Amino acid sequence: MNDFDDLPRPFRCMAVNIANGNIKEFNSGYLGQAVRATMAIPSVFSPTQIDGELYVDGCLIRNMPAEENLRMGADILIGVYVGGVLEDRSELNSLFDILQ
């Protein structure tokens, strides 16, 4: 296992176990696979299998992992909300409408 603390800048990424909803903080292992898991947006990219578990983008449960960043020693956190506006149910008529 590779420790992400040994990288030039310590690194963590978050993903959600899609079977049970538990958050997984990746701090070691294969970096590419961990990053791929955090990019697995449901209905856009397939879940990533790691150690027999299926992981998807952590934003489903934790959009901004501030606690983890503070625990790693961050003094300042900068976050940007890039989400959309909730549409009225009458506007959700197709898969495309829902994905948008």
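Source: prediction; values computed, not measured. Just so you know, these numbers use all the heavy atoms, side chains as well, and skip hydrogens, waters and symmetry mates. All residue numbers refer to positions in the sequence shown, counting from 1.
In the hydrophobic clustering of this structure, Met72 does not group with Met64; members are Ile, Leu, Val, Met, Phe, Trp, Tyr whose side-chain heavy atoms approach within less than 4.5 Å, directly or through other members. Cluster annotation: Ile18 is not connected to Ile50 through the hydrophobic network of ILVMFWY side chains, with a link wherever side-chain heavy atoms come within less than 4.5 Å. Both Leu7 and Val35 are assigned to one and the same hydrophobic cluster, defined by single-linkage of ILVMFWY side chains at heavy-atom distances under 4.5 Å.
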From CA spacing to verdict: side-chain contact (heavy atoms from CB on, under 4.5 Å), Leu70, Leu77: CA-CA 8 Å; Leu70 293 170; Leu77 298 177; 3.9 Å; yes
Step-by-step side-chain contact (heavy atoms from CB on, under 4.5 Å) determination, Glu68 to Met14: CA-CA 9 Å; Glu68 291 77 13; Met14 311 296 288; 3.5 Å; yes
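In terms of the side chain to side chain contact (heavy atoms under 4.5 Å, CB included) criterion, residue partners of Asn93 (sequence neighbours excluded) are, by chain and number, Asp97. A search for salt bridge (Lys or Arg N to Asp or Glu O under 4.0 Å) contacts involving Glu53 returns nothing, not counting sequence neighbours.
The CG atom of Asn27 lies 6.5 Å from the CG atom of Asp3; values are rounded to the nearest 0.5 Å. Here CG of Asp57 is found 10.0 Å from OG1 of Thr48. Values are rounded to the nearest 0.5 Å. The CD1 atom of Ile78 sits 11.0 Å away from the CG atom of Asn69 when rounded to the nearest 0.5 Å.
Nearest heavy-atom pair, Ser90 versus Asp88, reported as atom, atom and distance to 0.1 Å: OG-OD2, 2.6 Å. The minimum heavy-atom distance linking Ala37 with Ala15 is given by the pair CB-CB, 4.1 Å. Closest of all the heavy-atom pairs between Arg36 and Ser46 is NH2-O, 3.2 Å. For the residue pair Ile23 and Val16, the shortest heavy atom distance occurs at CD1-CG2, 3.7 Å.
Two residues are said to be in side-chain contact when any heavy atoms from C-beta on lie closer than 4.5 Å; Arg71 and Glu25 meet this criterion.
The pair Asp5-Arg12 counts as a salt bridge, with a side-chain nitrogen and a carboxylate oxygen less than 4.0 angstrom apart.
Proximity of a side-chain donor or acceptor of Asp6 to a complementary backbone N or O of Asn2 within less than 3.5 Å is not detected.
Side-chain rings of Phe26 and Tyr55 approach one another, their centers coming within less than 6.0 Å.
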